[in-house]
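Residue numbers start from 1 in every chain, and the chains themselves are labelled A, B, ... in the order their sequence lines are given, proteins ahead of strands. Just so you know, these numbers come straight off a predicted model, no measurement behind them.
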Amino acid sequence: MDPLDQPGRLLPPETEAELLGRAWRLAGRPLSVLAAALRVPVPPDLRRHKGWIGELLELALGSWAGSRAEPDFPELGIELKTVPVGADARPTQSTYVCTANLDGSLAGSWEESRVFEKLACVLWVPIVGDKSSPPGERVVGAPLLWRPEGAELEQLRTDWNEIAELIRGGHLDRLDARVGEALHLRPKAASSRDTTRFLNREGQWVQTGPRGFYLRRTFTEALLARAFG
DNA sequence: AACTGATCATGT
DNA sequence: ACATGATCAGTT
């Protein structure tokens, strides 16, 4: 059944194959078509609707929409990520993964980390269009179900460990976006005035801006290219 | 054009 | 404040 032929709430997919099948059926469609079928208004631009595309795809694929600390498809253990790409299929933005615990509650190892959990299994859905194209005119691309392994997994582990060491060591001065080849840290907040606490090198609690882990554009580009050539 | 820091909306 | 969904926009 075509999800778009059935207006109303879509039940979550019961299997990985069903999810992937749904995603493939959306490929090639403009977002305006998805939005119309789902009765979702299309914003003129994304300035005040930055999460619109991701939320639209959640609805179109049958994810339990919401801000819950769970994968998008809990029964399948799969995380959904839309990724904006140009006509050349190369990502135009980095990808947010999760926030970084700067308050001493960071996981003790890579395997226990939230980054590892989040990236264990990701359904990538490229969204084709350039920055100037209206959201409704952007088109769903070919999906990719991805589990990091081999060199990709090693690179993520290496980067996470390096960043984790800076956090544990209280090296606030070195905690910026230049650290990490695939995974790096960037501000993640509604405002630069937002704060969280951090234990610095002198053992003092200080306030600093919240940070999040992001995948660099180059990393996402490589994993998509490996799958689609 | 890429990179880094800043920001927007919504729900828990 | 932090989780979800990300993109914006200034600088290099």
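- Comparing B:dT7, C:dC8, C:dA3 by their closest approach to the side chain of A:Tyr214 singles out B:dT7.
- Nucleic acid contact for A:His184: sugar-phosphate only, since backbone atoms but no base atoms lie under 4.0 Å from a heavy atom of the residue.
- Of all nucleotides listed (C:dG5, C:dT7, C:dC8), C:dG5 comes nearest to the side chain of A:Lys81.
- A residue-by-residue look at A:Lys188 and A:Arg90 shows that A:Arg90 has its nearest nucleotide of DNA chain B further toward the 5' end.
- Residue contacts for A:Pro210: at a heavy-atom cut-off of 4.0 Å it reaches no nucleic acid atom on any strand shown.
- With DNA chain B read from its 5' end, the first of the two nearest nucleotides for A:Val179 and A:Ala189 is the one closest to A:Val179.
- Closest approach to the A:Ser192 side chain among B:dA6, C:dT4, B:dT4 is made by B:dA6 (side chain taken as heavy atoms from C-beta onward).
- Residue A:Leu46 places its side chain closer to C:dC8 than to any other of B:dA9, C:dC8, C:dT4.
- Side-chain contact between A:Ile167 and A:Asn101: absent, with no pair of heavy atoms (C-beta onward) separated by less than 4.5 Å.
- Take the nearest nucleotide of DNA chain C for A:Val83 and for A:Thr195: the residue whose nucleotide is more 5' is A:Thr195.
- Side-chain atoms of A:Ser94 and A:Arg216, non-hydrogen and from C-beta on, never get closer than 4.5 Å to each other.
- Across C:dG5, C:dC8, B:dT4, the shortest atom-to-atom separation from the side chain of A:Arg178 is found for B:dT4.
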* Between A:Arg178 and A:His184, does a side-chain contact (heavy atoms from CB on, under 4.5 Å) hold up when you go through it step by step? -> CA-CA 7 Å; A:Arg178 292 169 297 188; A:His184 69 156; over 6 Å; no
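- Comment: A:Glu154 engages A:Arg157 in a salt bridge, judged by a side-chain N to carboxylate O separation of less than 4.0 angstrom.
- A:Arg114 comes within 4.0 angstrom of sugar-phosphate atoms only, judged by non-hydrogen atoms across all strands, and of no base.
- Distances were taken from every side-chain heavy atom of A:Arg48 (C-beta onward) to each of C:dA3, B:dA9, C:dC8; the shortest belongs to B:dA9.
- Heavy atoms of A:Asp176 sit under 4.0 angstrom from primed sugar atoms or phosphate atoms, though from no base atom.
- Listed nucleotides C:dA3, B:dT4, C:dG5 differ in distance to A:Ala177; the shortest reach to its side chain belongs to B:dT4.
- A donor-acceptor contact under 3.5 Å is formed by the side chain of A:Lys50 with the base of B:dT7.
- Taking 3.5 Å as the limit, the base of C:dA3 and the side chain of A:Tyr96 contain no donor-acceptor pair of atoms between them.
- Counting heavy atoms from C-beta on, the side chains of A:Leu172 and A:Leu102 never come closer than 4.5 Å.
- OP1 or OP2 of C:dC2 lies within a sub-4.0 Å distance of a side-chain N or O belonging to A:Thr196.
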